[in-house]
2 protein chains.
Amino acid sequence: MNFLKKDNISDAVIRRLPRYYRQLTDLCNQGIVRISSQSLGQEMGITASQIRQDFSCFGEFGQQGYGYHVEELRREIGQILGVDKDHHLIMIGVGNLGHALLQNFPFAQTGFTVDAAFDVAPNLIGTMINNVPVYAMADLAGFIREHKVDVVVLTVPQSVAQDMATSLIEMGIKGFWNFTNVELASEFPEVKFENIHFADSLLTLSYRVENP
Amino acid sequence: MNFLKKDNISDAVIRRLPRYYRQLTDLCNQGIVRISSQSLGQEMGITASQIRQDFSCFGEFGQQGYGYHVEELRREIGQILGVDKDHHLIMIGVGNLGHALLQNFPFAQTGFTVDAAFDVAPNLIGTMINNVPVYAMADLAGFIREHKVDVVVLTVPQSVAQDMATSLIEMGIKGFWNFTNVELASEFPEVKFENIHFADSLLTLSYRVENP
DNA sequence: TAGATTGTTAATCGATTAACAATC
DNA sequence: TAGATTGTTAATCGATTAACAATC
């Protein structure tokens, strides 16, 4: 099963997909059945052309004279993004931020199951946080050997971030959701890093409020 | 005091500035005094051309035959980003995520002072979190009237996000650091939203690990 | 001075937008 | 059928890269 019509999908297109998915989910919840690229674009502040171009990278989801069936289009984009792929994830580092994510983030809605968390703090090890067991770091390698782990959420201190990433890559991890504000690197192109750089984001805002 | 040489600085350039700033801070801490666009590019995985183009939007920070003085360049970029602008910030919504940010995020390093947080929970109101006082929502309008507030961190539930943003805009707020995973909008172009869309980010990663 | 490296102009590349034939 | 709207091709626009004269 392959959705791609083009082989080189640009970063910009991929980053718009979750926004489409979000918007379509909203429309679904509002009970809206069909939508044209025209009106979808209007709602999202992008051109109808771009929407049609974006979708055309993956297939033909619309119908001339009609537009797109919201629910169907949503399902297609969800499938492209992999929300039904049964992805599994573990968290390394359960500080304040890790806690917040475990408690609040709707992992299931993005198709992820959180199987475990790992930390060095003795008072955390052995506890459950929102049904996720917290294990000792010593158990990490063994856990990865015995489980399918698609993505690691990296919420460790900056000082250990790259070392931790390096050993996780050695253990076969290919996906990193990186909250450490460190620019992680790997020599293997199949290893993917998705960074949440809080500081970069706030500095961007800082610039914009001063330069409107 | 105006740094701009060009008037239209693209989004892409602005988003690279914090990365430059981060890299230069690292280099500073390593005690490195000078660097060429060539080697800076190598370290960051971008071309020397791009670096020189980016910097040239704001001024002439280098010297032929020498390169850039790391500390000076860092200071310049920091100034462009506004880290020395005495920016003030308040937080609306002090749940797990808000807590995590208050406890861990180095606001001072990005030039922000957190003056207050606001929440509806009676058990939080009146407490201090990492030296930040938590007030009742009823005190919000008054606080904003009496203080300089450049940015609001929005860490409220999705359901109230847009309404809260709308009233904050009416109170004169121009900068939103938005963690609600809702696409906020304003009719005023001078109001800036900087979004941290966790779900979008994870979905992007989900796509990438499946399509290497 | 000679070598290195900038800032900037020109060339290329890629992404966005426009246009339109196909067709529901 | 006529009107609407797609998917796609072509045109435009903007961003990245290359080249090079200026100069430290």
Side-chain angles (χ1 to χ4, degrees), chain A residues 3-20 23-24 27 32-77 80 204 207, chain B residues 3-20 23-24 27 32-77 80 204 207:
Chain A
F3 303 101
L4 276 65
K5 290 179 70 189
K6 281 169 57 176
D7 7 294
N8 276 347
I9 314 246
S10 80
D11 187 74
V13 174
I14 296 166
R15 295 211 164 267
R16 278 193 293 272
L17 291 179
R19 266 196 77 204
Y20 290 133
Q23 185 70 27
L24 290 163
L27 291 168
I32 289 165
V33 174
R34 68 163 280 273
I35 196 157
S36 65
S37 55
Q38 180 73 215
S39 26
L40 185 58
Q42 213 136 36
E43 288 177 20
M44 298 182 64
I46 56 187
T47 65
S49 251
Q50 179 157 76
I51 289 175
R52 295 204 300 277
Q53 280 279 18
D54 284 353
F55 293 171
S56 77
C57 296
F58 303 99
E60 310 189 359
F61 305 137
Q63 205 172 328
Q64 280 103 329
Y66 174 84
Y68 301 88
H69 188 274
V70 173
E71 204 178 312
E72 190 189 305
L73 182 58
R74 175 179 179 276
R75 195 176 51 245
E76 293 279 6
I77 294 180
I80 294 163
T204 303
Y207 176 86
Chain B
F3 304 100
L4 276 66
K5 287 180 68 188
K6 281 170 57 178
D7 8 296
N8 275 347
I9 313 247
S10 81
D11 187 74
V13 174
I14 296 166
R15 296 212 163 267
R16 278 193 294 271
L17 291 179
R19 266 195 76 205
Y20 291 133
Q23 186 69 27
L24 290 164
L27 291 169
I32 290 165
V33 173
R34 68 163 279 273
I35 196 158
S36 65
S37 55
Q38 179 74 213
S39 26
L40 184 58
Q42 212 137 36
E43 288 176 20
M44 298 184 64
I46 56 186
T47 64
S49 251
Q50 179 156 75
I51 289 176
R52 296 204 299 277
Q53 280 279 18
D54 284 354
F55 293 171
S56 78
C57 297
F58 304 99
E60 309 190 359
F61 305 136
Q63 204 172 329
Q64 279 105 329
Y66 175 83
Y68 301 88
H69 188 274
V70 173
E71 205 178 313
E72 190 187 305
L73 182 59
R74 175 178 179 277
R75 195 178 50 247
E76 292 280 6
I77 294 180
I80 294 163
T204 303
Y207 176 86

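Lettering of chains follows the sequences in order, A, B, ..., and the numbering in each one begins at 1. Computed over heavy atoms, backbone and side chain alike; hydrogens, waters and symmetry mates excluded.
For the pair B/Ile9 CD1 and D/dA15 C1', the computed distance is 14 Å after rounding to whole Å. With rounding to whole Å, A/Asp11 atom CG is found 10 Å from C/dT16 atom P. Separating the CG atom of B/Asp54 from the P atom of D/dT16 is a distance of 7 Å, rounded to the nearest angstrom. Atom pair B/Glu60:CD and C/dT8:C1' shows a separation of 9 Å (rounding to whole Å applied). Remark: P of D/dT8 and CZ of A/Phe58 are 14 Å apart, rounded to the nearest angstrom. When the P atom of C/dA15 is taken as reference, atom CZ of A/Arg15 falls 14 Å away, rounded to whole Å. Taking atom CZ of B/Phe55 as the reference point, atom P of C/dT5 lies 15 Å away to the nearest angstrom.
Contacts with DNA chain C (heavy atom under 4.0 Å) in residues 39-46 of chain B: none are found.
Among pairs with a residue in residues 43-53 of chain B, none fulfils salt bridge (charged side-chain N to carboxylate O under 4.0 Å, His left out), at least two apart in sequence or across chains.
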message: Protein within reach of the bases, or only the backbone? For nucleotides 18-24 of chain C, mark each nucleotide 5' to 3' as B, S or -, using heavy atoms under 4.0 Å.
response: BBB-BBB

task: Under 3.5 Å for both distances, Watson-Crick or G-U wobble, that's the pair rule; now give the dot-bracket for DNA chain D, with | marking pairs to another strand and [ ] for crossing ones.
output: ..||||||||||||||||||||||

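When atom types are taken as modelled, the side chain of B/Arg34 and the backbone of B/Gly67 share no donor-acceptor pair closer than 3.5 angstrom.
Considering only side-chain N and O atoms, B/Tyr68 lies under 4.0 angstrom from the phosphate OP1 or OP2 of C/dG7. One finds a side-chain N or O of A/Arg16 lying less than 4.0 angstrom from the OP1 or OP2 phosphate oxygen of C/dT16.
Rounded to the nearest 0.5 Å, atoms CG (A/Leu73) and OG (A/Ser37) are 10.5 Å apart.
Taking 4.5 Å as the limit, every side-chain heavy atom of B/Leu40 sits out of range of all side-chain heavy atoms of B/Tyr68. B/Val70 has its side chain within reach of B/Leu24: a pair of non-hydrogen atoms, C-beta onward, lies under 4.5 Å apart.
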- prompt: Does the side chain to side chain contact (heavy atoms under 4.5 Å, CB included) test come out yes or no for B/Gln50 and B/Arg16, once each step is laid out?
  reply: CA-CA 10 Å; B/Gln50 179 156 75; B/Arg16 278 193 294 271; 3.4 Å; yes

message: Evaluate A/Ile9 against A/Phe58 for side chain to side chain contact (heavy atoms under 4.5 Å, CB included), listing each step before the verdict.
response: CA-CA 9 Å; A/Ile9 314 246; A/Phe58 303 99; 3.5 Å; yes

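When the side-chain hydrogen bond (donor to acceptor under 3.5 Å, both in side chains) test is applied to B/Thr47, no partner is found at least two apart in sequence or on another chain. Residues forming a salt bridge (charged side-chain N to carboxylate O under 4.0 Å, His left out) with A/Arg15 (at least two apart in sequence, or on another chain): A/Asp11, A/Glu194.
Within a 6.0 Å sphere centred on CD of A/Gln23, other residues, nucleotides and ligands contribute more than 12 heavy atoms.
Residues B/Glu72 and B/Phe61 share a closest heavy-atom pair of OE2-O, 4.1 Å.
Which of D/dT16, C/dG7, D/dG7 sits closest to the side chain of B/Gln50 comes down to D/dT16.
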